[in-house]
Asks: 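This structure is in structure tokens; I'll ask about it shortly.
Chain A is the first sequence line, chain B the second, and so forth, proteins listed ahead of strands; every chain is numbered from 1.
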Amino acid sequence: MSEVDQNQAGDTRRDFLKKTSLAAALSLTPITILKAADQKVDERFAELFEKIPLNLKVNNKPYNLKVEPRVTLLDLLREQLHLTGTKKGCDHGQCGACTVHVDGERINSCLSLAVMNEGKSITTIEGLANGNELHPMQAAFIKHDGFQCGYCTPGQIMSAVACVREGHANSRDEIREYMSGNICRCGAYPNIVDAIQEVKEKGGKV
Amino acid sequence: MIHQSKSHESAIGHVTGKAVYTDEQRPPVGMLSLYPVMAPHAHARIKTIDLSGAEEIDGYVTVITASDIPGINNTGVILADEILLPTEEISYWGQAVLWVVGETDIAAQRAAEQVKVEYEPLTAILSIADAIAADRFHGQPTQISRGAVETALAQSDHRLTGALEIQGQDHFYLETHTSWVIPDGEGHFQVYSSTQHPTETQAIVARVLGIAKNQVVVTCLRMGGGFGGKETQANPFAAVAAIAAYKTGQPVRVKLKREQDMILTGKRHAFLGQYEVGFTVEGQITALAVKLYADGGWSLDLSPPVLLRAMVHVDNAYYIPHLTVQGWIAKTHKVSNTAFRGFGGPQGMVVIEEVIDRVARALQLPPEEVRERNFYRGSGERNTTHYGQEIVDNRLDRIWQELLDRSNFSQRRSEIAQFNHTNVDKKRGLAITPVKFGISFNKVQYNQAGAFVLIYTDGSIQLNHGGTEMGQGLHTKMLQVAAKSLGVSLQRFRMMPTSTDKVPNTSATAASSGSDLNGQAVKDACEALKARLKPIAARLLELPEDTTLEFAEDWIYYTEDNARDNKRKITFEAVVQKAYDDRISLSATGYYRTPTIFWNPETGKGNPFYYFAYGAAVSEVEVDGLTGMFKLRQVDIVHDVGESLNPLIDRGQIEGGFVQGMGWLTMEELVWDDRGSLKTHAPSTYKIPTIREVPENFNVHLLQRAAQEGVIYGSKAVGEPPLMLAISVREAIREAIAAFGHHPARVALASPATPEKILTAIEQITAEVEIVS
């Protein structure tokens, strides 16, 4: 049985499985799967039946995926789509390194389960530039030296773009308040404020 | 391009998310993951280990225990006292008993959760005080001494004694520890590691595998922050991954979760300082006896050189004619503390600045006057440290005066006095503190570096050197040095990842030494290549081979021609191609060792530093007497980076170092419970500075006309010294706290000076006032 067939079989049985015992489900399962499952029945079933279809756009590219419900949006991006620009700094929503845009709003992607983003449009740092033309915020971060090690930078930039779009970049003080969820251990903060302020003051499309 | 502000060489990669760190490479087929089983005791005996539950988990592959180690089960770097995988005893809370290998991260984690380990808990030593009481130390105490301290103390006008606890600091690099190990099936291991010291990681991997170093290549692509936390601490994780790769024959990855990283890895050493100081009525310090206790943790790691650096920075900028400093390394059941930006220097300096403040308040003198009065100056003995090194390039007075002027210090002091007079609940404080920081590794052998430059026949160049990039801009500076030296544009270069198969036997990128050491090695390699290209260029220009030629702007010029437009010249490419045709080698190594440094550990005397870096900072704070919160209103800094290789990068280092130091001294509080378990292992509980806490008025000035002779293009080291500028924040807070009282003779302030501790200090001050009245 091909992987596709297995998945289809799994999908059709999802609701049924929820209402019946595992033993009852086993009796309806093709013998080939049971053989594959060997003695690790629970685990094999979890894998076969618990992957959930997920349709979303990432950087304007549509994806039709199947993911385990436990997988975060961050892990989906990094581990399955290999979009590693989005960083895992703490995995607890406290450092901001994993900031992405979901339908234009900034979120910590480590706090969002991938399956919660059905039908949504995700923008990551890889999707910010227009081909080889940097987004104005990316260019401003370079001009003002808004980073050192670079590890928090994708999150800072995604947060900074949203900060300007939200209308929360009207003063240096406001920028500091609305960027305080993105930690930079290298302490490039003064330059980050400079970069955001310049983008805001230029007033172009962000 | 030298001495100019050039953006970080990875700038485009960083802002587009395309810069590749260790864990962002494209994974090789069949890569397995590691997950630790961590002990829930600070000190215990392992009784039984039951793997049966783990083996049931889908995706479980195997475990890595001590019995899987083909070589030596030890990762100690100074002493072989650091067991990688314990067989009997647990030495600190969270220590990895074993590592589970899984097909995926989640499989390894699930299986690790099913491993059952039985322990017999043992009594744990969890503080410096406990260690002193139990007489539990690493090695013997050390001492550095000048003069006759006892006699001088007895003869002093005034004497004071005191003690100060200084807490540690977590590095909190945003990228946690990561290693990938890829076996080639022929007995060789390619290691990708987020390490500041690839050569040492190579040595440790070879040691645990029981193979020669030449079988192991360690590559560091770049690090998402290091700060000293990846100088030795990367080694055990690379070692475990290597053992797993050896056992399974497959590529293996380890990437720590944030809480694992904070629980498993060493931190800045907590210190206990005890002092007795003698001084004159004018505030001149005549004698000082200091005892420093560093919390080394369970194993030695780098504690001896950290303690030594504290001992040789306990003078900071001050001449103290009679000075004895003794040091101990407490052996506790905690993580093994390690290098952290400043490497003990900051702790030594916090102690002396505390002492100076005690002296000033006891005499009712402004602290800045007492500081200035005690500066090293002049020549001979009055300008010589307690370890016998004369400060030949002393710039303290110059920087101090320039900063007093620039910061408008005296006027602001009056304004603050007025503010404090009229405000009851809020008080402001202003303080200026100096930094003098010795540059060179204390371990003389480490003061050497290598480089390897390869020119290809199209004129493109690969640059290799022994240093690692962790955000400090080393690679950018090295490109500038190479471009200047070869007289070509930056665009020609590709900076190669640091790798032990390109430049062997390197030193850690640490001690602020990266640019100094590797810069000279890069220049040396480039000069060797130029020497080969010069006669070829001369021949192509139909000039005698020994003609003086200039390499600049991608051309080679005949310098004797006057007007530049009419100069005879030839392109770099043409000369390179001709060199190949003439069978002249287009690659060269470079090498450098720091001259004139020496150290005698027996006498505690020597010339351990090639030179000193200087700076000073003025901080102004406002303290809320009801909450203990403080706001950093303004910071003014004058810092000496010599003739900066790259002012943009150096300013970033100064600002970032200051912010990190401020975090250490005012907000980053490590809390262990009474069983030795770290309670602050996430950013929710461990507070590092955010963009909110950085002062809006943050004025950084690089000292001008400051070229440093004998250092690469007149520059100076910049990585660590600015961290200690943040002591000005601590002293400004103390000044504000003092304003809540009535000229208190002492303001005791804990470190870090969190709001809670500030409130405590205010309460002490006001309580004393009540007693007096």
Side-chain angles (χ1 to χ4, degrees), chain A residues 39-40 42-44 46-47 68 70 75 78-79 82-92 94-95 97 124-126 128-129 134-135 137-139 141-143 145-154 157 172-173 175-177 179-193, chain B residues 5 7-8 10-21 23-24 26-27 56-59 105-106 171-176 222-227 255 257-259 469-473 648-649 651-653 655-660 663 682-684 688-694 696 698:
Chain A
Q39 295 187 355
K40 297 168 181 173
D42 288 356
E43 286 298 319
R44 289 294 178 201
E47 214 169 272
E68 287 182 60
R70 62 161 189 87
D75 283 340
R78 285 184 63 88
E79 306 291 331
H82 298 300
L83 291 168
T84 52
T86 308
K87 301 293 189 272
K88 186 183 280 192
C90 74
D91 214 19
H92 286 67
Q94 297 155 357
C95 76
T124 71
I125 189 72
E126 290 94 342
L128 205 58
L134 293 179
H135 183 279
M137 193 63 79
Q138 292 173 315
F141 265 65
I142 293 179
K143 179 180 168 190
D145 196 35
F147 50 82
Q148 287 177 26
C149 81
Y151 207 76
C152 74
T153 311
I157 289 177
R172 294 182 71 85
D173 207 45
I175 292 168
R176 283 146 49 93
E177 176 63 29
M179 287 298 293
S180 61
N182 288 79
I183 292 172
C184 170
R185 185 47 151 171
C186 302
Y189 294 130
N191 301 340
I192 291 172
V193 179
Chain B
S5 290
S7 291
H8 196 286
S10 294
I12 300 281
H14 286 331
V15 303
T16 57
K18 288 177 182 160
V20 175
Y21 301 77
D23 201 47
E24 318 202 308
R26 290 296 172 264
E56 293 300 308
I57 299 296
D58 195 46
D105 223 16
I106 192 73
H171 302 84
F172 210 96
Y173 26 67
L174 257 282
E175 178 209 31
T176 55
R222 55 167 62 77
M223 283 168 277
F227 315 115
K255 167 95 162 83
K257 292 175 174 296
R258 174 60 60 185
E259 63 271 23
E469 176 65 36
M470 61 197 98
Q472 83 279 41
L648 189 75
I649 283 172
R651 296 178 78 88
Q653 286 298 298
E655 291 171 359
F658 180 91
V659 169
Q660 205 164 56
S684 54
I688 75 166
T690 71
I691 202 163
R692 258 334 236 156
E693 280 96 27
V694 173
E696 186 47 48
F698 198 165

Asks: Counting distance only, does the side-chain N/O of Gln148(A) pair as donor-acceptor with the main-chain N or O of Gly652(B) below 3.5 Å?
Replies: yes

Asks: When only pairs under 4.5 Å are counted, which of Thr124(A), Asp173(A), Val193(A) shares the most heavy-atom pairs with chain B?
Replies: Asp173(A)

Asks: Side chains of Leu174(B) and Ile183(A): does their closest heavy-atom pair fall under 4.5 Å?
Replies: yes

Asks: How long is the straight-line distance from CD1 of Ile125(A) back to NZ of Lys18(B), given to the nearest 0.5 Å?
Replies: 10.0 Å

Asks: So do Ile688(B) and Arg185(A) actually touch side chain to side chain, heavy atoms under 4.5 Å?
Replies: yes

Asks: OG1 of Thr16(B) to CZ of Phe141(A): how many Å apart, nearest 0.5 Å?
Replies: 13.5 Å

Asks: Tell me which of these, Glu259(B), Glu24(B), His8(B), Gln472(B), has more heavy-atom pairs under 4.5 Å with chain A than the rest.
Replies: Glu24(B)

Asks: Heavy-atom cut-off 4.5 Å, strictly under: side chain, backbone, both or neither for Ile12(B) against chain A?
Replies: both

Asks: Between Phe227(B) and chain A, with a heavy-atom cut-off of 4.5 Å, which part of the residue counts as in contact: side chain, backbone, both or neither?
Replies: side chain

Asks: Please report the interatomic distance CG(Asp23(B)) to NZ(Lys87(A)), rounded to the nearest 0.5 Å.
Replies: 10.0 Å

Asks: Taking side chain as everything from C-beta outward and backbone as N, CA, C, O, which of these in Gln653(B) sits under 4.5 Å from a heavy atom of chain A? Side chain, backbone, both or neither.
Replies: both

Asks: Can you check whether Phe147(A) reaches Val15(B) side chain to side chain, under 4.5 Å on heavy atoms?
Replies: yes

Asks: Give, as side chain, backbone, both or neither, the part of Ala188(A) having an atom under 4.5 angstrom from any heavy atom of chain B.
Replies: neither

Asks: Where on Leu134(A) is there a heavy atom nearer than 4.5 Å to chain B: the side chain, the backbone, both, or neither?
Replies: side chain

Asks: If I measure from the heavy atoms of chain A, does Arg26(B) come under 4.5 Å with its side chain, its backbone, both, or neither?
Replies: side chain

Asks: Check each atom of Ile142(A) against the heavy atoms of chain B and say whether the ones under 4.5 Å are side chain, backbone, both or neither.
Replies: both

Asks: If you compare all heavy atoms of Tyr151(A) against all heavy atoms of Tyr21(B), which two are closest, and at what distance to 0.1 Å?
Replies: N-OH, 3.3 Å

Asks: Work out which heavy atom in Gly17(B) is nearest to a heavy atom in Pro154(A); give both atom names and the distance.
Replies: CA-CG, 4.2 Å

Asks: Using every non-hydrogen atom in the two residues, find where Cys149(A) and Gly224(B) come nearest and quote the distance to one decimal.
Replies: SG-C, 3.4 Å

Asks: Rounded at 0.5 Å granularity, tell me how far CZ in Arg258(B) sits from NE2 in His92(A).
Replies: 10.5 Å

Asks: For each of His171(B), Glu693(B), Glu469(B), Arg222(B), tally heavy-atom pairs with chain A at distances under 4.5 Å, and name the one with the top tally.
Replies: His171(B)

Asks: Looking only at heavy atoms, which two atoms of Asn191(A) and Glu655(B) are closest? And how far apart?
Replies: OD1-OE1, 3.7 Å

Asks: Is Phe172(B) close to chain A through its backbone or its side chain, or both, or neither, when contacts mean heavy atoms under 4.5 Å?
Replies: both

Asks: If you define the side chain from C-beta out and look only at heavy atoms, does anything of Asp145(A) sit under 4.5 Å from Arg651(B)?
Replies: no

Asks: Once rounded to the nearest 0.5 Å, what's the spacing between atom CD of Gln660(B) and atom SG of Cys186(A)?
Replies: 7.5 Å

Asks: By a 4.5 Å heavy-atom criterion (distance strictly below it), what part of Asp105(B) contacts chain A: side chain, backbone, both, or neither?
Replies: neither

Asks: Below 4.5 Å, heavy-atom pairs only: which of His82(A), Lys88(A), Met137(A) has the largest tally toward chain B?
Replies: His82(A)

Asks: Report which part of Ser684(B) has an atom under 4.5 Å of a heavy atom belonging to chain A: side chain, backbone, both, or neither.
Replies: both

Asks: Identify which of Val659(B), Leu648(B), Ile649(B) forms the greatest number of heavy-atom pairs closer than 4.5 Å to chain A.
Replies: Leu648(B)

Asks: Closest heavy-atom contact between Pro190(A) and Val694(B)?
Replies: CG-CG1, 3.9 Å

Asks: Are the side chain of Tyr189(A) and the backbone of Pro689(B) linked by a donor-acceptor contact shorter than 3.5 Å?
Replies: yes

Asks: Does any non-hydrogen side-chain atom of Glu177(A) lie less than 4.5 Å from one of Arg692(B)?
Replies: yes

